[in-house]
Number of protein chains: 2
Amino acid sequence: MSPEQPAEPAGKSLFSLQRRERLMEELRAHGAITVRGIAAKLGVSELTIRRDVNILADEGLVSRVHGGATLPSKLDRSTAAGRPPHHSYSIGMVVPSLDYYWPQVISGARAEAEDQNLRILVRGSAYDAADNRRQVQALLDTQNIDGLIVAPDMTGDQGQELLRWLNALPIPVVLAERRSPIEIPAHRLEWVATDHAFGAGMAVRHLWQEGHRRIGCLTDSSSPTSPHVVRGWHQALAALKIPLEGSVHEDSAKPENGGRATHFDHVLALCRKTGTTAMLVHSDTQAVAFVQHCVDKGLRVPGDIAIVGYDDEVAYLAEPAISAVRPPKQYVGKVAVQLMAARLAEGRMRPVHRIELNPELILRESSAGAPQAPAAGMLQVPQ
Amino acid sequence: MSPEQPAEPAGKSLFSLQRRERLMEELRAHGAITVRGIAAKLGVSELTIRRDVNILADEGLVSRVHGGATLPSKLDRSTAAGRPPHHSYSIGMVVPSLDYYWPQVISGARAEAEDQNLRILVRGSAYDAADNRRQVQALLDTQNIDGLIVAPDMTGDQGQELLRWLNALPIPVVLAERRSPIEIPAHRLEWVATDHAFGAGMAVRHLWQEGHRRIGCLTDSSSPTSPHVVRGWHQALAALKIPLEGSVHEDSAKPENGGRATHFDHVLALCRKTGTTAMLVHSDTQAVAFVQHCVDKGLRVPGDIAIVGYDDEVAYLAEPAISAVRPPKQYVGKVAVQLMAARLAEGRMRPVHRIELNPELILRESSAGAPQAPAAGMLQVPQ
DNA sequence: TCTAGATCATTCACACTCGAACATTTGAGG
DNA sequence: CCTCAAATGTTCGAGTGTGAATGATCTAGA
């Protein structure tokens, strides 16, 4: 391998097909890309990106423009405009982040919208109810929205009020990765969400099967996902008869924890004290940092401590690569659009659908094998 | 590297099938593999890996790229040629009754199957796990079933064992009006079910809004639906701050209750004692009989006692016509077939879907209007 | 409208990968 | 023990993907 790579953020080089896949993802997430930007992001030359764009344009998957590419447009006369676009409906989509997690959801939604011949308008928002509402209102005011897909902040009174407001909107609303709580009879709201509790349980069971008997949990309470992960962790511990007290459960978002390194040291100390040999770490960004910290401290992963991340955004980049629970992000977007399309087509007679999707557990190195065999005889070192 | 590391053909070299399995594992873990890397890891020559990749690519399990392989991609047009065989599938369907409730589910399933160009084979079964299994086995043996939609009995050890067996079947399985419990990690089972708890809650809230402050529940514990109805009733009482003790909750399936008339008299006596003016009656067959009984006893419905039935099979036949919660039976069948069709078309990559549908509340005469001025001494009747 | 700067297409070179033919090993059955 | 067939390894010429250089073309801004 040629190690004279220019500062490559992606760590490992991609195959051409993956590169084009990434390119399409970026395109669907942002609506347009620049050759320069993508080249830098993927760590290849601009020429390569141009070639990719040409290939994709030949298949009609993108429209070429000077300096980059956009989603296929009917204004692009180079393509064989064989289909009547006739956008029957327009859907607004408001998501809390355009950097993490959500680009893939958007990508799945865009792909499905294209199949269903729908127009989709995406807006990013802050992680708070007031801004959620502002963004939705903006879509309602300026565009002609027939339906809304949204992942609102649901915390506090503001969140509840927002839900009520959404429920009362005159257009159908689908929540993505959110559930309407039973306390609020938001009976018109449909949703599609990943069953994060199931995902966490799957991770715990996997670690149990690998031989771990003390399995901790490191979460980030600032994320809406976290409560579900913790719930799944609890349920799995109960099912496996692991006592809750004595199990490490730390929150990396608590302000009093000081610096991250300090907190990680604290967590490791707790692990040592309780005999914990495996950790489920929510947000695999955290997991990557945690593994790095462990390695720096001379701990072997997975020998001394096994790690499973949650989200699978960057888990594969770590060294060693981190096993992670992967929510079906593309499908969340896809199913949300399917729900919306069916609702728009069938109207009120269709019953309210609420859909949970199961995540997948991706096994990599960070959780392989039993917890450290203390005095394991040196096995043969063949070859 | 820890012991157990399969960096070499340690112990036993793998058979080709196992090797391809490993290859797919690595692929799932990292999204892509290099021929070189995988060859080194498995201790075989690169050519062997290339041959494996070709085999897997022919089956559409991977996409070939220069230097390795990736997960199947739509951008890979080598595979898209004649892949979708559109060979029509056959679906088996086993339901616990061909008289009550299920005919409409079957009707919805049949309609959707026709749209999707699927063949569907329906079998009735008894309400017990052993017969469920017999019927499913018969379908598997005699017909050529590509998928199974089933509403099994899930009670007791036999029910759990049945679920495990279904989960292990080599064909996709969709449960209808059943949920796989979290205790059993039946992770492959998908389902579509009515949210009966929501339906019961809707009924309670409706009665509350009509002015009732004591709302009882008459259930039939022999039905799998009943626990959910009771749960919804409980949750709604809690939300409305109606104390649970003092609320009438009777089970018409309990054997010691003697004849139906006797039991109904008992229930009415309880209502009188507790000041209950409204009842949610599960299975509207029961509701019809109960209304008849009330009328016979000279009680006015809804004047003296308001009734809401559950299921809406025959509720409209009573005199007066009974308000009832109507589960979206047609849609349960329809969505089950949709799930199955999508699963058969998309294969393993599709995440497991679990869908809840909301029922509808059909308002008729038996629950209209406020409770009448007390004939006997009653508790406070505000508003 | 014109100019400066950016973007694009073409060519060439290089390294790596692929596939075919042939050689070798492995395992099952006679 | 032998034979055959399937699986695997080796070699080598052809093919493929990538990047640098260069000149043509395009866009933005005055």
ask   = To the nearest 0.5 Å, what is the distance between CG (A/L140) and OG1 (A/T142)?
value =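 Reported to 0.5 Å precision, the distance equals 8.5 Å.
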
Whole-Å distance between [N] [atom2] and [X] [atom1]?
| X | N | atom1 | atom2 | answer |
| --- | --- | --- | --- | --- |
| A/L17 | D/dG17 | CG | P | 11 Å |
| B/E46 | C/dA20 | CD | C1' | 16 Å |
| A/R50 | C/dA6 | CZ | C1' | 10 Å |
| A/N54 | D/dG17 | CG | C1' | 15 Å |
| A/D52 | D/dG17 | CG | P | 10 Å |

key: Of all pairs that satisfy salt bridge (Lys or Arg N to Asp or Glu O under 4.0 Å), the ones with a partner from residues 46-57 of chain A, not counting sequence neighbours   =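 Qualifying pairs, neighbours excluded: A/R19-A/D52, A/R20-A/D52, A/R36-A/E46, A/E46-A/R50.
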
key: Reading 5' to 3' through nucleotides 21-30 of chain D, protein heavy-atom contacts under 4.0 Å coded B for base, S for sugar-phosphate only, - for none   = -----SS---

key: N/O donor-acceptor pair under 3.5 Å between A/K329 side chain and A/D311 backbone   =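 Here the side-chain-to-backbone pair exists.
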
ask   = Is the side chain of A/S366 donor-acceptor paired with the backbone N or O of A/I307 at a distance under 3.5 Å, no angle test?
value =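 Flag set: sc A/S366 to bb A/I307 pair under 3.5 Å.
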
ask   = Between the axis at one end of the helix from C/dT1-D/dA30 to C/dG30-D/dC1 and the axis at the other (five pairs apiece), what's the angle to 10 degrees?
value =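 Between the first-five-pair axis and the last-five-pair axis there is 40°.
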
inquiry  = I need the minimum non-hydrogen distance between A/G199 and A/V325, along with the two atoms involved.
reply    =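 A/G199 and A/V325 have their closest heavy atoms at O-CG2, 3.6 Å.
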
Just jot down the side chain to side chain donor-acceptor pair (under 3.5 Å) partners of [X], sequence neighbours excluded, or say none.
| X | answer |
| --- | --- |
| A/S97 | none |
| A/S223 | none |
| A/T285 | none |

inquiry  = Using a heavy-atom cut-off of 4.0 Å across all strands, would you classify A/R51 as base, sugar-phosphate, or nothing?
reply    =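 The residue A/R51 makes base contact.
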
request  = Tell me what A/V65 touches on the nucleic acid: a base, only sugar-phosphate, or nothing, going by heavy atoms under 4.0 Å.
outcome  =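 Here A/V65 touches the backbone only, sparing every base.
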
Among D/dG19, D/dT10, C/dA6, the nucleotide that comes nearest once only the side chain of B/S45 is considered =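 Out of D/dG19, D/dT10, C/dA6, the nucleotide with an atom closest to B/S45's side chain is D/dT10.
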
request  = Examine the side chains of A/E21 and B/S73 and answer whether a donor and an acceptor come within less than 3.5 Å of each other.
outcome  =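 Their side chains do contain a donor-acceptor pair, which is all the 3.5 Å distance test asks for.
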
